[in-house]
Amino acid sequence: MIRIGVLLLFLTISVAGYAQTSLQKAFGQKMDLPDSRDIGTQVLRITESFLGTPYVAGSLEGNPTERLVCKLDGLDCTTLVESSVALAVAKSENSGYEGYKSELTKLRYRDGIIDGYPSRLHYVLDWMYENEKRGRLEDITAKVGGIPFKKEINFMTNHANLYPAMAESEVWEKVKDQETVINSREHNYIPKAGIHKAEPMLHDGDIVAFTSSVEGLDVNHMGIITKVGSRAYLIHASLTGKKVLMSSVPLAEYVASVPKHTGMIVARLNDI
């Protein structure tokens, strides 16, 4: 029994070590991509390098304790955006693998501190607000045709059964407090009908998120913009396409084709 236990421990350590080595190798490949002084172009190039990467849902969930998850071989829509931005920042600042992990932590967690499940920025509206506050990006929705977005955000606490970590009452209460703060802020969005007019004002590497018709939910999906002439296209981790891909139609047509998308919000990265 002792030998079996030692063997299992050895295999566990070996698998973890291989995963870490594989991740660092993938990181090195991203750092070898062409440089750009413009952070938006840098983000776009890295996002394009993920084209074809498998879609993997829920990669941040299910850990016994909240920890930083770094995964480059399978992504959902949020982790595609976060990974692309964190990699672009590490490349621009020559901060290496530890710099990438640091930026990913700052993007994903309130004040860049991992302190349990509620410390993760679960709502995209909150994610954008916190990352704008620290200077990483600017919410430009109002500048490109946005109008007030008035909606009560409470999906997580109203559907706590979908989030195992929220079975603890303390976690539920903290998320409820966060929803209250989100609802106290002013938000803007560009309705579906206004997206075509907004497209010429978008830049390569802009982050877009699509507001939801689902009660209590802020957004359904997010991705990165690539421009083709005056039209904008979306690079995103697609659930239906089961991989990272570029939309086959321009942004306005894409959003119009998804009934649960009501419009979009837009953020532009800052060089800091």
Side-chain angles (χ1 to χ4, degrees), residues 19-56 59 68-108 127-128 131-132 134-140 144 199-209 221-238 241-251 254 266-272:
Q20 185 75 355
T21 301
S22 178
L23 177 62
Q24 290 184 348
K25 181 180 178 181
F27 171 81
Q29 291 170 343
K30 302 302 183 188
M31 294 301 101
D32 287 338
L33 293 169
D35 285 311
S36 173
R37 292 183 179 180
D38 176 70
I39 189 66
T41 303
Q42 194 89 280
V43 166
L44 175 58
R45 286 176 177 169
I46 288 175
T47 306
E48 288 173 335
S49 76
F50 283 114
L51 288 168
T53 301
Y55 179 93
V56 175
S59 62
L68 182 68
V69 174
C70 302
K71 188 174 177 62
L72 301 180
D73 59 353
L75 303 161
D76 62 22
C77 66
T78 303
T79 55
L80 171 65
V81 171
E82 290 179 335
S83 297
S84 297
V85 173
L87 288 164
V89 170
K91 185 170 176 59
S92 297
E93 298 179 355
N94 296 313
S95 55
Y97 185 66
E98 291 304 314
Y100 151 70
K101 291 198 299 181
S102 175
E103 178 62 21
L104 190 59
T105 303
K106 292 173 184 176
L107 284 165
R108 188 174 290 165
W127 185 93
M128 286 197 172
N131 280 291
E132 182 171 43
R134 74 182 181 94
R136 175 54 71 204
L137 56 80
E138 178 188 1
D139 183 338
I140 63 167
V144 294
E199 281 190 36
M201 294 180 276
L202 302 183
H203 293 177
D204 284 341
D206 282 349
I207 299 167
V208 291
H221 192 51
M222 65 192 308
I224 299 292
I225 290 298
T226 181
K227 295 296 293 290
V228 180
S230 64
R231 300 305 307 270
Y233 286 74
L234 179 71
I235 300 180
H236 60 132
S238 169
K242 297 182 172 57
K243 61 183 178 181
V244 177
L245 49 77
M246 181 173 132
S247 60
S248 59
V249 294
L251 188 65
Y254 162 76
V266 189
R268 182 163 295 158
L269 292 158
N270 295 322
D271 290 298
I272 60 172

Minimum-distance pair of heavy atoms, taken over all atoms of Tyr55 and Asp76
CE1-CA, 3.8 Å
Arg45 bridged to Glu48 by N-O distance under 4.0 Å:
no
Minimum heavy-atom separation for Leu68 and Cys70, please, with both atom names.
CD2-SG, 3.8 Å
Heavy-atom closest contact (Gly205 atom, Leu44 atom, distance):
N-CB, 4.2 Å
Rounded to the nearest 0.5 angstrom, the OH-OG1 distance for Tyr100 and Thr105 is 9.5 Å
What distance do Asn131 atom CG and Asp139 atom CG have between them, rounded to the nearest 0.5 Å?
11.5 Å
Gap separating the CG atom of Asn270 from the CZ atom of Arg136, nearest 0.5 angstrom
8.0 Å
Could you walk me through whether Asp271 and Ser92 pass side chain to side chain contact (heavy atoms under 4.5 Å, CB included), step by step?
CA-CA 9 Å; Asp271 290 298; Ser92 297; 5.6 Å; no
Stepwise, does the salt bridge (charged side-chain N to carboxylate O under 4.0 Å, His left out) test hold for Lys106 with Glu103?
CA-CA 5 Å; Lys106 292 173 184 176; Glu103 178 62 21; 5.1 Å; no
Heavy-atom nearest pair, Val81 first then Trp127, reads CG1-CH2, 4.1 Å
Does this structure show an ion pair linking Arg268 with Glu138, if we count only N-O contacts that are shorter than 4.0 Å?
no
Measure the shortest side-chain to side-chain distance between Thr79 and Arg108 over non-hydrogen atoms and say whether it is less than 4.5 angstrom.
yes
